[in-house]
There are 2 protein chains.
Amino acid sequence: MEQNKIPQATAKRLPLYYRFLNNLNQQGKNRVSSKELSEAVKVDSATIRRDFSYFGALGKKGYGYNVEYLLGFFRSTLDQNETTEVALIGVGNLGTAFLNYSFLKNNNIRITKGFDANPEKAGTNIGGVPIYHIDELHEKLEGIRVAILTVPATEAETITEVLVKEGIEGILNFTPARISVPERIRVHHIDLAVELQSLVYFLKHYPLGE
Amino acid sequence: MEQNKIPQATAKRLPLYYRFLNNLNQQGKNRVSSKELSEAVKVDSATIRRDFSYFGALGKKGYGYNVEYLLGFFRSTLDQNETTEVALIGVGNLGTAFLNYSFLKNNNIRITKGFDANPEKAGTNIGGVPIYHIDELHEKLEGIRVAILTVPATEAETITEVLVKEGIEGILNFTPARISVPERIRVHHIDLAVELQSLVYFLKHYPLGE
DNA sequence: ATTCATTTGTGAAATTTATCACGACTATTT
DNA sequence: AAATAGTCGTGATAAATTTCACAAATGAAT
């Protein structure tokens, strides 16, 4: 929206910073240096300072950063003041795990609806989230802009087309399929098999430190 | 091990290429161009050619790549000839999903043992994988070099210490904790909340195409 | 007050990654 | 056999990201 000056690599780290600042705040700390933060999040301290600097001078030389101030700043930057509703498509093993997983403790993103092709699941409630049949996407998806895709790989492409038609703007894709979407739609892939394989590859070919 | 010349960015894409080559092979295709592959995996064709070129001249000008040859090449490069055993630590919702998830169809990585702190889970069997009590790590972890960490965040650090002591070399960490390990140990983080938050951030701040 | 140990913010350099663009070669068609 | 359309491999360039290293500012200690 505003300044597209923030590098993508930086943007990806913001939620991480936000979470650890929350931790610090809850621990009652009111001051933190880039060095301390670096040890906590495992990101080089110069990188952290550089990241913060894109938003202006948030710290004080010789002092560090004020936790509360920084937290407030990130809260508004990450839009944590307004709630974002997310739909979960595919209530299988992985989808169920997400519904039960309260991984959204410190932030205002909520999975508010689940969808599945199995009619027996429709009408149920998992982890406090109501489940609907996949055919109800049209009626129930209004106002929701983000979807988590945890369907079988074979269904991914078909369901993506429906999601696109219904106006979804962002998809977090957990299927191994590389889905095709119009340019305006953002897809992030989390590919569990690829992650595991590449970890194994790195172990064998890049032994020891980084 | 051998040439550390392969860029990390390339190494991360290898498993992806491998999977799609497998698909093509199963479809009976025996020839593929970087352009076709590009459309399938959503990676620029020049990048694909560059990636392949680190391993030598695998293709033929004016022709493309022979699927079977390429597949054989990647199989040995990705060590798909030998089986890699992986332990899953933490049989909660997410862990159970992985055990049931046969996301390791086309490759030789297998979750062979699960561990959990709940004594009631010990002795059971989920998705064909035997579950042991976490106290049995010492006896049961021999020969296993990779672990998937799906325990509660509060337990992550303590259990990581045990894993390190038992000789684990690589950890795929699904907890939001940023665990501390000696330099020789490789950790890849998959942070679901961060992924979701950063997707939402990108949507709001970087609208439309990339 | 003065000194000292810290710590930021950032110019500059280094490193890593992605992309362009084209010569060289291949297969196919006419 | 010549023309054509397709494709790789790669030098060169561009873009993105990380890291170094230090002046300037701060707070604490004496």
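Just so it is clear: chains get the letters A, B, ... in the order the sequence lines come, proteins before strands, and each one is counted from 1. For the numbers below, each heavy atom of this structure counts, side chains included, while hydrogens, waters and symmetry mates do not.
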Sugar-phosphate means primed atoms, P, OP1 and OP2; the rest is base. With that split, encode nucleotides 22-30 of chain D 5' to 3' as B, S or - using protein heavy atoms under 4.0 Å. --BBBS---
Show the atom names and distances, to 0.1 Å, of all donor-acceptor pairs under 3.5 Å that link a side chain in residues 58-76 of chain B to residues at least two apart or in another chain.
residue : atom : partner : partner atom : Å
B:Asn66 : OD1  : B:Glu68 : N            : 3.0
B:Asn66 : OD1  : B:Tyr69 : N            : 2.9
B:Ser76 : OG   : B:Phe73 : O            : 3.0

Is the shortest heavy-atom distance from the side chain of B:Val86 to the side chain of B:Leu172 under 4.5 Å? no
Could you note down all residue pairs passing side-chain hydrogen bond (donor to acceptor under 3.5 Å, both in side chains) where residues 150-173 of chain B supplies at least one of them, sequence neighbours left out? B:His138-B:Glu166, B:Arg145-B:Glu169, B:Asn173-B:Thr175, B:Asn173-B:His189
Terminal contacting nucleotides, 5' and 3', DNA chain C versus chain B (heavy atom, 4.0 Å): C:dT17 to C:dA27
Need one value for B:Tyr65: base, sugar-phosphate or nothing, where a base atom within 4.0 Å counts as base even if backbone is also close, heavy atoms only. sugar-phosphate
Any donor-acceptor pair under 3.5 Å from A:Lys140 side chain to A:Tyr132 backbone: no
Look only at the side chain of B:Asn100 and the backbone of B:Thr96, and say whether a donor-acceptor pair between them is shorter than 3.5 Å. yes
N/O donor-acceptor pair under 3.5 Å between B:Asn108 side chain and B:Gln80 backbone: yes
Filter on salt bridge (charged side-chain N to carboxylate O under 4.0 Å, His left out), then keep only pairs touching residues 24-47 of chain A, sequence neighbours left out; what's left? A:Lys29-A:Glu36
A:Asp51: salt bridge (charged side-chain N to carboxylate O under 4.0 Å, His left out) partners, not counting sequence neighbours: A:Arg13
Toward the 5' end of DNA chain D, by each residue's nearest nucleotide, A:Ala9 or B:Ser53: B:Ser53
5' precedence on DNA chain D between A:Thr10 and B:Arg50 (nearest-nucleotide basis): B:Arg50
